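Take a look at the structure below.
Everything numeric in this text was worked out from a predicted model, so none of it was measured.
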Amino acid sequence: MTENKNLSDETVEEAAARLEVEADTDTTTESPAKDSAVDEPEAAEEPEVEAAEEPEVSEPAKPKRQLDRSRIVAFALLPALAFLLAIGAGVLKFLDSGVRDSDVAREQSVQAAKDSTVALLSYKPDTVEQQLTAAQDRLTGEFRGEYADLTKNVVIPGAKEKQIAAVASVPGAASVSADPGEAVVLLFVNQTVTIGNGVPTDTASSVRITLDKVGDRWLISKFEPV
């Protein structure tokens with residue numbers, strides 16, 4: 001009995017040992033499979049990296065599109081720029097022409113105001129009618145009619161009767177405004193009046209004169225003492 005029990009115990013122990021050995025063998029054989037199963041996804045991921053890099057092949061086409069866009073912008077802007085430059089040149093030319101015209105108008109109107117004022121206020125007893133009638137040709141508008149009435153009814157008869165002589169001069173003149181059609185001039189006028197054989201009398205005054213351009217002449221339209 002004792003021997004049978006020992007044999008049974010040995011048999012059980014051997015069976016257990018054999019089972020442990022088989023279990024270790026199974027574990028050893030399964031681990032490579034597991035390792036290979038783990039390694040497989042890494043091999044599968046490599047094509048995805050290559051697929052992500054493929055679109056980079058189309059990048060060289062961008063500079064051409066940028067160049068085409070630059071050409072379009074250049075062709076669109078150059079005519080507009082040329083047009084603006086032409087307008088600018090025209091404006092500058094117009095402004096320069098306007099300035100030169102104003103300068104000419106200022107110079108001519110000042111000279112006309114001085115010459116006309118001297119003619120209007122200067123006369124001699126023997127020639128007063130001819131002188132003042134001729135002076136009317138330097139006037140225009142309502143002022144011409146007013147001057148004609150004054151000289152005809154007052155100045156000419158008085159000069160003949162009392163032998164009055166008058167000499168006018170313009171020591172100073174300044175342009176107030178001037179454009180190609182109208183100008184305003186401020187004059188400082190001295191007038192020396194002699195009655196018969198009497199002592200000459202000097203009178204100083206200032207006058208604001210408005211002139212209109214009629215044809216190629218500057219004619220006085222207003223004569224206002226100030």
Side-chain angles (χ1 to χ4, degrees), residues 87-226:
I87 292 177
V91 170
L92 290 175
K93 184 177 180 181
F94 174 78
L95 292 176
D96 180 64
S97 176
V99 170
R100 285 189 283 107
D101 290 344
S102 296
D103 290 341
V104 172
R106 184 176 295 106
E107 181 180 353
Q108 292 180 348
S109 62
V110 168
Q111 189 61 49
K114 292 167 63 176
D115 294 342
S116 296
T117 298
V118 170
L120 294 175
L121 301 179
S122 299
Y123 53 88
K124 294 179 181 180
D126 298 336
T127 58
V128 61
E129 187 170 1
Q130 293 86 345
Q131 287 178 288
L132 298 186
T133 300
Q136 295 176 24
D137 192 43
R138 298 175 179 268
L139 312 177
T140 187
E142 294 181 0
F143 180 61
R144 179 168 181 164
E146 294 172 357
Y147 180 80
D149 290 340
L150 177 64
T151 55
K152 180 180 179 180
N153 298 323
V154 178
V155 179
I156 294 175
K160 289 181 176 180
E161 181 182 353
K162 298 181 179 181
Q163 295 294 297
I164 299 174
V167 178
S169 63
V170 180
S175 175
V176 177
S177 63
D179 59 50
E182 183 181 82
V184 178
V185 179
L186 181 63
L187 298 182
F188 297 95
V189 182
N190 289 335
Q191 187 181 39
T192 301
V193 177
T194 304
I195 301 176
N197 295 323
V199 178
T201 302
D202 295 329
T203 303
S205 61
S206 58
V207 183
R208 179 186 175 93
I209 296 177
T210 302
L211 303 98
D212 295 337
K213 186 69 174 292
V214 180
D216 59 350
R217 300 178 64 201
W218 286 98
L219 304 179
I220 296 177
S221 59
K222 292 181 181 180
F223 195 91
E224 304 167 311
V226 294

### Query
Distance from L219 atom CG to K213 atom NZ, nearest 0.5 Å?
10.0 Å
### Query
Does atom CD of Q130 have more than 12 heavy-atom neighbours from other groups under 6.0 Å away?
yes
### Query
Out of curiosity, R138 CZ to R144 CZ, how far, rounded to the nearest 0.5 Å?
12.0 Å
### Task
Would you name the heavy atoms of D179 and A105 that are closest together and state the gap between them?
O-CB, 3.4 Å
### Task
Could you check if a side-chain atom of L139 sits within less than 4.5 angstrom of a side-chain atom of L120, using non-hydrogen atoms only?
yes
### Query
Are the side chain of Y123 and the backbone N or O of V155 linked by a donor-acceptor pair below 3.5 Å?
no
### Shortest non-hydrogen contact between K160 and E129, atoms and distance
NZ-OE1, 2.9 Å
### Task
Look at the side chain of T117 and the backbone N and O of K114, then say whether any donor-acceptor pair between them is shorter than 3.5 Å.
no
#### Entry: Test log, rule side-chain hydrogen bond (donor to acceptor under 3.5 Å, both in side chains), inputs T127 and Q131
CA-CA 6 Å; T127 58; Q131 287 178 288; 2.8 Å; yes
### Task
May I ask you to decide if A165's main-chain N or O and T194's side chain share a donor-acceptor pair within less than 3.5 Å?
no
#### Entry: Pairwise side-chain contact, V184 with E224, heavy-atom cut-off 4.5 Å (strictly under)
no
### Task
Say whether, by atom type as modelled, one donor and one acceptor occur between the side chain of S221 and the main chain of T210 under 3.5 angstrom.
yes
### Query
Is there side-chain contact between L211 and V185, with at least one heavy-atom pair below 4.5 Å?
yes
#### Entry: Shortest non-hydrogen contact from S206 toward V226
OG-O, 2.8 Å
#### Entry: Nearest heavy atoms of T151 and L132, plus distance in Å
CG2-CD1, 3.9 Å
### Test applied, side-chain hydrogen bond (donor to acceptor under 3.5 Å, both in side chains); reference residue, W218; option that passes from Q111, Q108, E182
Q108
### Query
Taking all non-hydrogen atoms of both residues, which atom of I220 and which atom of S116 are closest, and how far apart?
CD1-CB, 3.5 Å
### Query
If only atom types and distance count, is the side chain of S109 paired as donor or acceptor with the main-chain N or O of R106 below 3.5 Å?
yes
### Message
Please find the pair of heavy atoms, one from V128 and one from A159, that lie closest to each other, and give the distance.
### Response
CG2-CB, 3.9 Å
### Message
Once rounded to the nearest 0.5 Å, what's the spacing between atom CG of L187 and atom CZ of R208?
### Response
11.5 Å
### Message
Tell me whether I195 at atom CD1 has more than 12 heavy atoms from other residues, nucleotides or ligands lying less than 6.0 Å away.
### Response
no
### Query
Side-chain contact, heavy-atom cut-off 4.5 Å: D202 with T192?
yes
